[in-house]
There are 2 protein chains.
Amino acid sequence: MSNKLDRYDQMILDTLQKQGRITNQELAEAIKLSPSPCLRRVRQMEEEGLIDGYVALLNAKKLGLTLMAFIGISMDKHTPERFEALESTLADYPEVLECHLITGQSADYLLKVIVKDMDAYQQFLLNKLTRIEGVTGVHTSFVMKSPINSTALSVT
Amino acid sequence: MSNKLDRYDQMILDTLQKQGRITNQELAEAIKLSPSPCLRRVRQMEEEGLIDGYVALLNAKKLGLTLMAFIGISMDKHTPERFEALESTLADYPEVLECHLITGQSADYLLKVIVKDMDAYQQFLLNKLTRIEGVTGVHTSFVMKSPINSTALSVT
DNA sequence: ATTTTATAGAAATATTATTCCTTAAAAATT
DNA sequence: AATTTTTAAGGAATAATATTTCTATAAAAT
């Protein structure tokens with residue numbers, strides 16, 4: 001763990017967050033370093049877990065997934081059993097991209113969900129979400145547009 | 001646009017959503033196809049825009065970014081000018097990972113924000129968010145934990 | 001000033017991507 | 001049903017890239 005990121009590391013992370021499949025040679029050129037030390041730095045940050053992984057981002061619309069929603073969920077009891085059961089059930093549903101335990105609302109969880117259309121949403125709600133033990137309330141906010149949708153964190 | 005994804009395409013997308021930097025040879029092996037047609041398929045889906053791009057996902061905690069929040073924003077007027085001004089202002093703030101225009105709440109926008117700590121959050125709120133023209137209300141939900149946090153869409 | 005440590009750069013080698021060509025299978029036409 | 005057309009797979013050669021190893025250099029510590 002040789003913490004503290006210098007300029008090179010920051011530029012590497014900035015670049016990889018935008019172009020995850022850039023070649024090491026192009027990356028090295030972009031940050032003005034030769035390929036060997038550039039690759040060494042990348043590998044070390046991967047080792048350290050600073051870089052969690054690499055993923056392809058798909059176009060939801062082109063896949064026919066046109067409806068995104070945020071769903072607030074209220075629970076009857078706030079016991080670990082209830083929470084764990086809900087979390088592991090949701091983990092098996094591909095519609096659920098995110099599940100956050102939150103403060104500050106009547107809701108306990110906030111979900112981000114992507115489905116094909118309103119019909120699929122209804123199915124998800126009726127057949128999956130509301131059938132989970134302990135779920136007492138559900139509040140849906142549909143997404144009309146997402147002017148910002150990034151995965152890039154600030155490394156400075 | 002030769003739509004309709006066959007099994008090979010689905011497997012490619014599934015794999016690339018998990019391992020965005022897998023080599024073409026390993027990918028080909030994983031889906032039981034030889035490297036040439038495998039690469040052809042990947043390139044075509046990139047061309048079609050089905051694959052939006054590739055990114056490295058960083059570990060927020062290890063970067064010192066320990067606080068995630070969802071923020072509901074209410075606006076005074078629902079005019080295009082107000083919306084555009086807010087959106088372009090927020091686009092310049094690296095703390096803001098997502099911005100969604102939503103239905104179903106008193107809020108008009110839902111933001112996903114990641115900052116270093118509560119102090120940084122307060123700065124963001126006071127110096128940035130609440131200074132934007134037209135913002136009348138702000139409601140924050142802090143994230144305690146995120147048992148599910150994925151970018152992978154279902155391709156079946 | 002000298003040793004130690006850390007990191008850059010160069011070059012050789014191994015691996016991978018890419019292109020081009022051939023072949024096979026499926027679809028369409030007669 | 002046979003033939004043509006289209007589509008996509010597989011193989012092999014080539015180009016590009018990653019990876020390793022070694023050397024040199026610069027910074028830090030003694």
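Chain letters run A, B, ... following the sequence lines, proteins first, then strands; residues in each count from 1. Basis for what follows: all heavy atoms, side chains included, without hydrogens, waters or symmetry-related copies.
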For the student: nearest non-hydrogen atoms of [X] and [Y], plus distance:
X        : Y        : answer
A:Gln17  : A:Leu153 : OE1-N, 2.6 Å
B:Val143 : B:Ser146 : CG1-OG, 3.3 Å
A:Leu86  : A:Ile132 : CD1-CG2, 3.7 Å

Between [N] ([atom2]) and [X] ([atom1]): distance, integer Å:
X       : N      : atom1 : atom2 : answer
A:Gln44 : C:dT7  : CD    : C1'   : 11 Å
A:Ile31 : C:dG9  : CD1   : P     : 10 Å
B:Arg43 : D:dA8  : CZ    : C1'   : 18 Å
B:Arg41 : D:dA8  : CZ    : P     : 7 Å
B:Leu5  : D:dA8  : CG    : P     : 13 Å
A:Met11 : C:dA8  : CE    : C1'   : 16 Å
B:Gln25 : D:dA16 : CD    : C1'   : 13 Å
A:Leu33 : C:dA10 : CG    : P     : 11 Å

Legend entry - Divergence of helical axes at both termini of the helix from C:dA1-D:dT30 to C:dT30-D:dA1 - five pairs an end, 10° steps: 30°
Legend entry - Residue pair B:Tyr121, B:Thr140: steps toward the side chain to side chain donor-acceptor pair (under 3.5 Å) verdict: CA-CA 10 Å; B:Tyr121 180 74; B:Thr140 302; 2.3 Å; yes
Inset, instruction - For residues A:Val115 and A:Val113, determine if any side-chain heavy atom of one lies less than 4.5 Å from a side-chain heavy atom of the other. - result: yes
Just the table, please: protein N/O against nucleotides 11-15 of chain D N/O, every pair under 3.5 Å.
| from | atom 1 | to | atom 2 | distance (Å) |
| --- | --- | --- | --- | --- |
| D:dG11 | N7 | B:Ser36 | OG | 3.4 |
| D:dG11 | O6 | B:Ser36 | OG | 2.8 |

Inset, instruction - Report, as yes or no, whether the 6.0 Å neighbourhood of atom CD on B:Gln10 holds more than 12 heavy atoms from other residues, nucleotides or ligands. - result: yes
Legend entry - Heavy atoms from other residues, nucleotides or ligands near NZ of B:Lys128 exceed 12 (cutoff 6.0 Å): yes
Inset, instruction - Please confirm whether A:His100 and A:Tyr109 have ring centers closer than 6.0 angstrom. - result: no
Legend entry - Closest listed nucleotide, where the reference is the side chain of A:Arg21 and the choices are C:dA8, D:dA18, C:dA17: C:dA17
Inset, instruction - Check step by step if salt bridge (charged side-chain N to carboxylate O under 4.0 Å, His left out) holds for B:Lys77 and B:Asp108. - result: CA-CA 10 Å; B:Lys77 295 187 284 191; B:Asp108 296 308; over 6 Å; no
